Amino acid sequence: MCRSIKTLRPPVLPEEATEDDIRAAALQYVRKVSGFREPAAHNREVFAQAVDEIAEATARLLQGIEVRGGAKRAATGAAVDAVKESDESKESVDA
């Protein structure tokens, strides 16, 4: 496991995972899997797309996780929305 990726669920993370936390974990994952810290110019688009998709999936995962003895993390819905809004604003800029 990549040591730079931290656990984002409670009780390991005492506070709500932020959009920045989620995107940082997604970026570390893509870097690890691709073997590139920074992609070459011809790979930037697919690299960024992978980070966006993994950030969205991570936010959905965190939203749905139930910790024993606790309820679903409803507040993580805000992080899911923030990640989606960020991706949508990138798409409108690229278009």
Side-chain angles (χ1 to χ4, degrees):
M1 179 163 178
C2 185
R3 288 178 235 167
S4 299
I5 300 174
K6 63 182 181 179
T7 302
L8 300 179
R9 67 160 181 82
V12 177
L13 187 67
E15 300 172 358
E16 190 68 33
T18 65
E19 178 185 358
D20 289 341
D21 293 331
I22 292 169
R23 293 197 71 76
L27 177 60
Q28 288 300 320
Y29 176 81
V30 172
R31 285 176 172 168
K32 185 69 166 184
V33 170
S34 70
F36 297 110
R37 177 158 170 64
E38 286 294 322
H42 61 279
N43 287 325
R44 281 192 189 122
E45 186 176 333
V46 71
F47 194 92
Q49 182 180 356
V51 171
D52 292 343
E53 290 173 6
I54 292 166
E56 282 184 36
T58 301
R60 284 192 307 272
L61 171 68
L62 292 174
Q63 183 178 16
I65 286 178
E66 291 184 35
V67 178
R68 280 196 167 188
K72 285 187 180 181
R73 296 180 67 188
T76 305
V80 172
D81 294 340
V83 169
K84 285 182 181 177
E85 287 174 18
S86 174
D87 292 343
E88 288 170 3
S89 66
K90 286 181 188 175
E91 289 173 6
S92 65
V93 170
D94 292 340

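Remember, it's a predicted structure, so these values are computed and weren't measured experimentally. The basis for the numbers below is simple: all heavy atoms, side chains too, and nothing from hydrogens, waters or symmetry mates.
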Next item on the list: Please step through side-chain hydrogen bond (donor to acceptor under 3.5 Å, both in side chains) for the pair Glu45 and Gln49, ending with a clear verdict.
Entry: CA-CA 6 Å; Glu45 186 176 333; Gln49 182 180 356; over 6 Å; no
Next item on the list: Starting at CD1 of Ile54, measure out to CG of Leu61 and round the result to the nearest 0.5 Å.
Entry: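 One gets 12.5 Å once the value is rounded to the nearest 0.5 Å.
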Notebook entry, point to check: Where do Ala17 and Ile22 come nearest, in terms of heavy atoms and distance?
Noted result: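 Where Ala17 meets Ile22 most closely, the heavy atoms are CB-CG1, 4.4 Å.
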Checklist line | Closest approach of Ala55 to Ala26 (non-hydrogen atoms, all atoms of both residues) | finding: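 Nearest heavy atoms, Ala55 then Ala26: N-CB, 3.6 Å.
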Next item on the list: Look at Arg31 together with Glu38 and state whether they make a salt bridge at an N to O cut-off of under 4.0 Å.
Entry: yes
Next item on the list: I would like to know whether Lys32 and Val30 meet side-chain contact (heavy atoms from CB on, under 4.5 Å); could you show each step before the answer?
Entry: CA-CA 5 Å; Lys32 185 69 166 184; Val30 172; over 6 Å; no
Next item on the list: Verify the cluster assignment for Val46 and Phe36: are they in a single hydrophobic cluster under the rule of side-chain heavy atoms below 4.5 Å apart?
Entry: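 Per the 4.5 Å side-chain linkage, Val46 and Phe36 are not co-clustered.
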Next item on the list: Go through the steps to decide whether Asp21 and Glu16 satisfy the test side-chain contact (heavy atoms from CB on, under 4.5 Å), and finish with yes or no.
Entry: CA-CA 9 Å; Asp21 293 331; Glu16 190 68 33; over 6 Å; no
Check: Between Asp52 and Arg23, does a side-chain contact (heavy atoms from CB on, under 4.5 Å) hold up when you go through it step by step?
Finding: CA-CA 8 Å; Asp52 292 343; Arg23 293 197 71 76; 2.5 Å; yes
